[in-house]
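Have a look at the structure below before the remarks.
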Amino acid sequence: MIRDARVLRAGFVPREVEHRDAEVNHLSSVLEPITNGEPADTAIVTGPSGVGKTCVSKFVTERLREEVLDVEATYVNCWRNYSRFRTLYQILDDIGATIDIHRQSTPHDELIDRLQQYDGPRTVVILDEVDQLEDPSLIYDLHSMEQFAVICIANKEEELFSRVDDRLVSRLRSSEHVRMDKYHNEQLYDILSARTKWGLENGVITDKQLYQIADAAAGDARLAIGMLRSAASTADRENHEEITNDILLDAAEDARAQIKQKSLDSLTPHQRVVYDIVRDHGPLGPSEIHDRYTEAVDDPRTKRTVRTYLSKMAQYNLLEAEGTSRDREYSLVDSAATSPIQ
DNA sequence: GTTCCACAGGAAAATATGGAGG
DNA sequence: CCTCCATATTTTCCTGTGGAAC
């Protein structure tokens, strides 16, 4: 059933990127100066989830490293490393400059100094989910160091710009922008088809089924590949020769549930109680949510904290906020809104 | 209109957590 | 075990906004 599980895993960077030639070339041209040993400009990559932002960025830097000898590359997920310290540490760690850094003995600016003094090969720094960074001034610091070529990945450029200060906005506006849109169903089919060819035995899934997945994933390649992976692993576990329509049906739901579960798992117990309240009692305003929450737990947090929870969960796409002021209500995001497999 | 009040979300102070070194 | 220190989370205090009641 499964020939090579790697190609179905999240974060896999294929040998050839389908349907992103323009974006690949665009980003390559931004990094082009590095091939002559010159500093490269900052690039910004934007687009909704599952359009291949991370994939294209990694692909381009990997190809650059094939061409040029003296280039390093580092990838930081700013969602997981959202503080200035963590992000810097991650970068230094990747370029091998963390020896003798200890949290206690190393003041903050020491990390920046260390980066500035770094005189190894030029380094491409990919900052993924950069809009999650709590202190965006880090972008400015990196931007001003010639040694580093920065690729910023974000969902929406407005959200990125609204959080950084003016001098950085004007600099970033002039830097190269790679915008990506959702895949069309045909393109998703091609992607799935390529993964199937490398990852699965022949004939375990039909073209029609691949189109069904493409249709259900609504332009999101990560979701589509997740569905394919889930279907393949179920079929494999249950010793089927091929992927049946029943398996596919479950896999589609399973892939969505997995993505949601991942966010849900990152919530604290208190946040989870708040989430459950909104889930069970429909659209509610912050006051009523807090009242019910106070009833439900032993040591309730304050209203302000619960408001922070709510906006965090809205960011994670677990909840939806409607209204801007007194009329605000929170409700569960309707995951059934995306079309299921039929 | 005007007033009122719940809300959003920033800033900063206060408190809890966690990990290293004794 | 405990202490210390940086970091993480929570609380307190706050300003600005806009819907709702008057």
query: Does any non-hydrogen side-chain atom of I126(A) lie less than 4.5 Å from one of I153(A)?
result: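 They are in contact (side-chain heavy atoms under 4.5 Å apart), so the answer is yes.
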
query: Does any non-hydrogen side-chain atom of L264(A) lie less than 4.5 Å from one of Y316(A)?
result: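 Heavy-atom side-chain distance check fails, nothing below 4.5 Å.
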
Base versus backbone protein contacts along nucleotides 15-20 of chain C [heavy-atom cut-off under 4.0 Å; B, S, -]: --BBB-

message: Between D276(A) and R279(A), does any NZ, NE, NH1 or NH2 come within less than 4.0 Å of an OD or OE carboxylate oxygen?
response: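 The answer is yes: the pair qualifies as a salt bridge.
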
Under-4.0 Å salt bridge between K58(A) and E62(A):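 No.
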
Separation of [N] [atom2] from [X] [atom1] (nearest whole Å):
X	N	atom1	atom2	answer
H270(A)	dT17(B)	NE2	P	10 Å
E329(A)	dA6(B)	CD	P	16 Å
L284(A)	dA6(B)	CG	C1'	15 Å

query: For DNA chain C, which residues in residues 309-318 of chain A have a heavy atom at a distance below 4.0 Å?
result: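 By residue number: Y309(A).
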
query: Which residue, D94(A), D128(A), T54(A), forms the side chain to side chain donor-acceptor pair (under 3.5 Å) with Y75(A)?
result: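 Running side chain to side chain donor-acceptor pair (under 3.5 Å) over D94(A), D128(A), T54(A) with Y75(A) returns exactly one hit, D128(A).
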
Matching residue for H26(A) among R20(A), R179(A), H177(A), E176(A) - test: side chain to side chain donor-acceptor pair (under 3.5 Å):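 Only one option passes, and that is E176(A).
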
query: If we ignore angles and hydrogens, is there a donor and acceptor under 3.5 Å between the side chains of T305(A) and T302(A)?
result: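 Per modelled atom types, T305(A) and T302(A) side chains form a pair under 3.5 Å.
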
Distance-only side-chain donor-acceptor flag, H184(A) / Y189(A), under 3.5 Å: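 Y189(A) and H184(A) do not have a side-chain donor-acceptor pair below 3.5 Å.
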
Polar atom pairs between nucleotides 11-14 of chain C and protein, under 3.5 Å, N or O only, would you list them?
unit_1  : atom_1 : unit_2  : atom_2 : d
dT11(C) : OP2    : T302(A) : N      : 2.9
dT11(C) : OP2    : T302(A) : OG1    : 3.2
dT11(C) : OP2    : T305(A) : OG1    : 2.7

- request: Determine which pairs satisfy salt bridge (charged side-chain N to carboxylate O under 4.0 Å, His left out) with at least one residue from residues 216-237 of chain A, sequence neighbours left out, and list them in order.
  value: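 Checked against salt bridge (charged side-chain N to carboxylate O under 4.0 Å, His left out) - neighbours excluded - no pair reaches residues 216-237 of chain A.
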
- prompt: Would you say E238(A) has more than 12 foreign heavy atoms packed within less than 6.0 Å of its CD?
  reply: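 Atom CD in E238(A) is packed in, count exceeds 12.
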
query: Counting only heavy atoms not in D298(A), do more than 12 fall under 6.0 Å of its CG?
result: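 It does not: D298(A) CG has 12 such atoms or fewer within range.
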
query: Who are the side-chain hydrogen bond (donor to acceptor under 3.5 Å, both in side chains) partners of R9(A), not counting sequence neighbours?
result: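 For R9(A) there are no side-chain hydrogen bond (donor to acceptor under 3.5 Å, both in side chains) partners, ignoring immediate neighbours.
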
task: Could you tell me whether the side chain of E67(A) and the main chain of L64(A) form a donor-acceptor pair under 3.5 Å?
output: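 Judged by distance alone, no pair lies under 3.5 Å.
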
task: Compute the bend angle of the helix from dG1(B)-dC22(C) to dG22(B)-dC1(C) from the end axes (five pairs per end), rounded to 10°.
output: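 Rounded to the nearest 10 degrees, the bend comes out at 30°.
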
